Amino acid sequence: MVEEFDVIVVGGGPAGSSCSSFLAKNNVKVLLLDKAVFPRDKTCGDAISGKSLSILGELGWIKDLELLPRGEVSGITFSSPNGTIVDISFPKDSKQGINKNDKGNGYAIRREVYDNFLFQKTKKLTAKTIEGFTVTDVLTENNKVIGIKGISKDKKQIEFKSKIVVGADGSQSVVATKLGLNKIDFNHHITALRCYYDGIKDLRGTIEIHFINSMLPGYFWIFPLENGRANVGVGIVTKDIKDKKMDLKKAMFDAIENEPLFKDRFKDAKLSSEVKGWTLPLGSRHKKLTGNGFVLIGDAASLIDPFSGEGIGNAMTSGKFASQTIIKALKENNFSEEFLTEYETNLWNELEAELKTSYMLQKIGRIKFLLNFVIGKAAKKKEVQEVISGMLVNKAAKQKVMSPWFFLKLLFT
Ligand SMILES: Cc1cc2nc3c(=O)[nH]c(=O)nc-3n(C[C@H](O)[C@H](O)[C@H](O)COP(=O)(O)OP(=O)(O)OC[C@H]3O[C@@H](n4cnc5c(N)ncnc54)[C@H](O)[C@@H]3O)c2cc1C
């Protein structure tokens with residue numbers, strides 16, 4: 001007998017866990033499947049955005065989150081290709097925006113810890129959760145998705161049926177791939193590496209983003225964690241890596257050993273993990289996210305911010321928006337593409353302007369002269385720092401930066 005559920009969620013990362021939790025809190029019978037056994041690592045920069053915090057707030061989980069081991073950051077440090085460094089604090093008077101808690105500080109939490117926190121909370125709510133279960137295909141009938149099949153931890157092939165399948169299985173989503181919706185466009189796709197270091201000198205309690213020459217048009221990051229540990233990595237648009245035939249790992253270690261900004265800081269630091277690589281499908285293109293009997297969320301839906309590389313917040317936002325449409329679909333007993341498209345429309349209305357602005361900022365980040373100019377101005381002028389600081393926490397301010405007036409103002413500031 002094939003077991004049946006209202007909804008099957010494939011993937012228990014931030015997208016799948018948040019979607020499952022919102023559904024289960026509304027009495028939806030959810031089956032949550034993940035091929036991993038939690039706690040599991042996820043290759044990431046570990047910076048947790050204000051968007052994520054606001055969804056965690058809606059789920060009522062902020063207080064518990066604050067008990068987790070974490071790094072606290074008070075702002076962002078940028079360095080330009082010509083070596084200018086500027087620290088930009090998060091505004092203290094606003095609790096919204098990226099990386100903010102009541103003290104005005106933000107978080108960096110290892111994904112092994114953060115995702116396990118979300119997953120364990122979710123597991124308590126869902127009708128059934130199976131770890132170590134790898135989904136291998138979607139089941140279809142009369143042009144609609146009616147369930148999934150996969151392999152359990154003890155190597156049994158099992159099928160489950162549902163009214164809706166949610167593909168939350170990350171950037172290499174099996175659900176999206178089987179439905180013909182995971183075509184990679186290397187212009188809208190970043191490849192990134194991440195490792196952990198202990199004992200880097202002069203960690204300044206900020207998220208560090210370094211636009212060093214050897215890594216352009218991408219960047220090198222250092223994000224401080226707990227106990228003197230830091231998340232270190234690099235990321236570049238995949239098309240550029242291919243065009244330049246870059247060896248990303250070699251470029252990262254060359255920078256650590258030879259770049260004047262890092263040489264001394266890393267001299268006595270210890271690499272405390274392996275170097276892992278993974279892909280970031282960007283939200284700078286609009287992908288189809290719904291069809292008869294299914295929706296895609298998180299990285300499976302290609303929603304990562306094309307400038308910052310932040311994807312956890314949008315993954316959780318998409319989980320929330322998808323749950324709202326699914327709840328309506330269950331009430332109306334309508335699981336058609338036409339009905340489920342509401343999710344895609346609502347999500348796009350929420351994210352489109354911000355994603356477009358970030359795509360433009362990504363393009364500006366490709367122009368060395370502009371990077372030197374903007375970071376150079378910010379290093380000298382408090383007013384410019386304040387504009388950028390506002391931009392980090394506020395969608396409207398971010399859009400202002402796209403105005404030609406912003407650049408004219410910069411010229412004369
Ligand atoms: C190097 C790097 C640095 C990044 N830095 C940041 C950052 O600092 N801040 C930020 O906000 N974002 C960052 N991102 C992006 C962020 O990691 C993703 O956007 C986020 O993890 C998306 O969440 P998700 O739930 O959609 O997917 P995932 O977190 O990838 O979760 C998918 C889940 O699906 C499961 N799964 C996969 N396939 C199957 C299958 N066949 N069957 C069953 N289960 C399956 C996986 O085990 C996993 O648990 C970074 C990404 C990379 C690669």
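Just so it is clear, the structure is predicted and the values come from calculations on it, not from any experiment. For ligands, and for the atoms within them, numbers begin at 1 and follow the listed sequence.
The two atoms that bring Ala300 and Lys287 nearest to each other are O-NZ, 2.7 Å, heavy atoms only. Across every non-hydrogen atom of Phe307 and Asp305, the tightest pair is N-OD1, 2.8 Å.
For Lys239 and Phe186, the positive end is not near the middle of the six-membered ring at less than 6.0 Å and at most 45° from its axis. Taking the ring centre of Phe253 as origin, the terminal cationic atom of Lys249 falls outside the region bounded by 6.0 Å and 45° from the ring axis.
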Please tabulate protein-ligand N/O pairs under 3.5 Å for ligand 1, atom names and distances to 0.1 Å.
| unit_1 | atom_1 | unit_2 | atom_2 | d |
| --- | --- | --- | --- | --- |
| ligand 1 | 5 (N) | Gly45 | N | 2.7 |
| ligand 1 | 8 (O) | Asp46 | N | 3.3 |
| ligand 1 | 8 (O) | Ala47 | N | 3.1 |
| ligand 1 | 9 (N) | Ala47 | O | 2.9 |
| ligand 1 | 11 (O) | Gly311 | N | 3.1 |
| ligand 1 | 11 (O) | Ile312 | N | 3.0 |
| ligand 1 | 12 (N) | Gly311 | N | 2.9 |
| ligand 1 | 14 (N) | Gly309 | O | 3.4 |
| ligand 1 | 17 (O) | Lys42 | NZ | 3.3 |
| ligand 1 | 17 (O) | Arg111 | NH1 | 3.0 |
| ligand 1 | 19 (O) | Asp299 | OD1 | 2.7 |
| ligand 1 | 19 (O) | Asp299 | OD2 | 3.4 |
| ligand 1 | 21 (O) | Arg111 | NH1 | 3.1 |
| ligand 1 | 21 (O) | Arg111 | NH2 | 2.8 |
| ligand 1 | 25 (O) | Pro14 | N | 3.2 |
| ligand 1 | 25 (O) | Ala15 | N | 3.0 |
| ligand 1 | 26 (O) | Asp299 | N | 2.8 |
| ligand 1 | 29 (O) | Arg111 | NH2 | 3.0 |
| ligand 1 | 41 (N) | Val135 | O | 3.0 |
| ligand 1 | 42 (N) | Val135 | N | 2.9 |
| ligand 1 | 44 (N) | Lys35 | N | 3.0 |
| ligand 1 | 47 (O) | Asp34 | OD1 | 2.6 |
| ligand 1 | 49 (O) | Asp34 | OD1 | 3.3 |
| ligand 1 | 49 (O) | Asp34 | OD2 | 2.6 |
| ligand 1 | 49 (O) | Arg40 | NE | 3.1 |
| ligand 1 | 49 (O) | Arg40 | NH2 | 2.9 |

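Between the side chains of Asn116 and Gln120, at least one donor N or O lies within less than 3.5 Å of an accepting N or O.
The side-chain hydrogen bond (donor to acceptor under 3.5 Å, both in side chains) check on Ser52 picks up Ser49, with sequence neighbours excluded.
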